[in-house]
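Every chain is numbered from 1, with letters handed out A, B, ... down the list of sequences.
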Amino acid sequence: MASSIADHNFGSAKRLLNAKDYSRVFDDPDARASHRNLLLLAKHNDRTGHRLGLVIAKKHVRLAVDRNRIKRLAREFFRTQPSTESPMDVVLLARGGVGKLDNAELSSILQLQWQKLVRHTTKTEPGTSQDS
RNA sequence: CGAGUCGGUCAGACGAUCGCUUCCUGGCAGCGUUUACGUGGUUCGGGGGGAGGAAAGUCCGGGCUCCAUAGGGCAGAGUGCCAGGUAACGCCUGGGGGGCGAGAGCCUACGGAAAGUGCAACAGAAAGGAUACCGCCUGGUUCGCCAGGUAAGGGUGAAAAGGUGCGGUAAGAGCGCACCGCGCGGCUGGCAACAGGCGUGGCGAUGGUAAACCCCACUCGGAGCAAGACCAAAUAGGAAUCCGUUAGCUGUGGCCCGCAGUGGAUUCGGGUAGGUCGCUACAGGCAGGUGGUGACACCUGUCGCAGAUGAAUGAUCGUCCACGACAGAACCCGGCUUAUCGACCGACUCACUAA
């Protein structure tokens, strides 16, 4: 419990693992952060930390090398984020043009969108709005 | 040194910190239990491995798996000079023919048009068992032209029915001769493709196109790891309607035969899309030897070289330089094709200078 600040690993507990996990986020997201190159969806979970899922469609990023690069960068970013008091399941969707960004640009975009997402979720009060 | 041809190798390097995955190993929870011990994990250490020459396009060929022991015929598809290599190929090697280049070399779907069918705009006199516009020659003539001979010359066209030369002739013509080309028949060399002589036919019949239909020869059963197997669970079981009962239906794409199985179709309602295996050790890499012109084969030694599954192989910083291209495994191999910043090695050709 009480996932520590120095917890920077990224095992299977930190990832969305099957279709159920994904559709839970898609069907009723608590928060969203949109950018012209990507979209973040989030839903509170009852676990000890954030979990990340990635949807990088071939339609939006043509080359496999770029798709892998985006996934790695996104994982790296979420790995290094400190866990907040309200853990979430987050899904990152790629949009067109992400493949053209370099690593530094992508990182700064992720930083910005993540902050937006955190503000959103703290506003919508994690404890009470458990179900609708 | 300059220009070029062919073959091969590499695919930024080093360090620090933080991660991912897999294997080995040690500790520590948990579980089984007679202390031993076994098992074992969203746990903590230590150590090892972790994308490519194209991983790509999915264009061929295999292995493997299932369908039915994959058997006969049709249809369909593919291949197409010869001989080897190989598990196999549309690949590779060697050879032959043709073409390009000064050369090293490179390119080449390269079987059949005297089985048949089709196609060829325009131009042109005539385009396939053709034809005579101008011209040339002979004869006649009312001097306008007419009859006949001819295919050398002009003109048209992508292509005009052997070519060049000499003889010949009224002018011409394989009409005759020489050489070349072509057809046919021996001979010699070669496993063969084919090459080289020799003889023969005057060549009024063999024009082109077969990545047009077609003919001939040879090859091919189908589907793919979401193949397929197993585990707890599930496919169960149920209701309604319609069709059928020596048939029909099902069985990987077509049809017929053969073979195997069996009532079938639709709708309603219900349930699954968890885990393990397949999954990486091999037509395997490297070194040496033997045989072969070579592709390659055989022998000996040695090495262990990714196995993910919402999908690992990365991020940041520092230093250096020739400032880093194309690009990411998904069952596995052999090829082909396409993309690609550059660096290096070997063999060879041409030109120039020097010796």
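- In this view, A:R95 and A:S34 satisfy the side-chain hydrogen bond (donor to acceptor under 3.5 Å, both in side chains) rule, not counting sequence neighbours.
- Considering only residues two or more places apart in sequence or on other chains, A:E76 meets the side chain to side chain contact (heavy atoms under 4.5 Å, CB included) condition with A:R79.
- Searching all strands for a Watson-Crick or G-U wobble partner of B:rG346 with both distances below 3.5 Å returns B:rC6.
- Applying a 4.0 Å cut-off to non-hydrogen atoms, the residues of residues 99-112 of chain A that approach RNA chain B are A:N103, listed by residue number.
- By the side chain to side chain contact (heavy atoms under 4.5 Å, CB included) test, A:V65 pairs with no residue at all, sequence neighbours left out.
- Nucleotide B:rG261: paired with B:rC249 (Watson-Crick or G-U wobble, both distances less than 3.5 Å).
- With the nearest nucleotide of RNA chain B identified for both A:L63 and A:L54, A:L54 has the one nearer the 5' end.
- Here the P atom of nucleotide B:rG314 and the CD1 atom of A:I70 are 16 Å apart, to the nearest Å.
- Going from atom CZ of A:R75 over to atom C1' of B:rU21 covers 11 Å, rounded to whole Å.
- Both distances falling under 3.5 Å, in either a Watson-Crick or a G-U wobble arrangement, place B:rG318 opposite B:rC14.
- OP1 or OP2 of B:rU313 has at least one side-chain nitrogen or oxygen of A:R72 nearer than 4.0 Å.
- For A:R69, the salt bridge (Lys or Arg N to Asp or Glu O under 4.0 Å) partners two or more places apart in sequence, or in a different chain, are A:D66.
- One distance of note links CG of A:L106 with NZ of A:K100; it measures 14.0 Å at 0.5 Å rounding.
- Heavy-atom nearest nucleotides on RNA chain B were determined for A:K58 and for A:D66, and the one closer to the 5' end corresponds to A:K58.
- With sequence neighbours excluded, the residues forming a side chain to side chain contact (heavy atoms under 4.5 Å, CB included) with A:S107 are A:L73, listed by chain and number.
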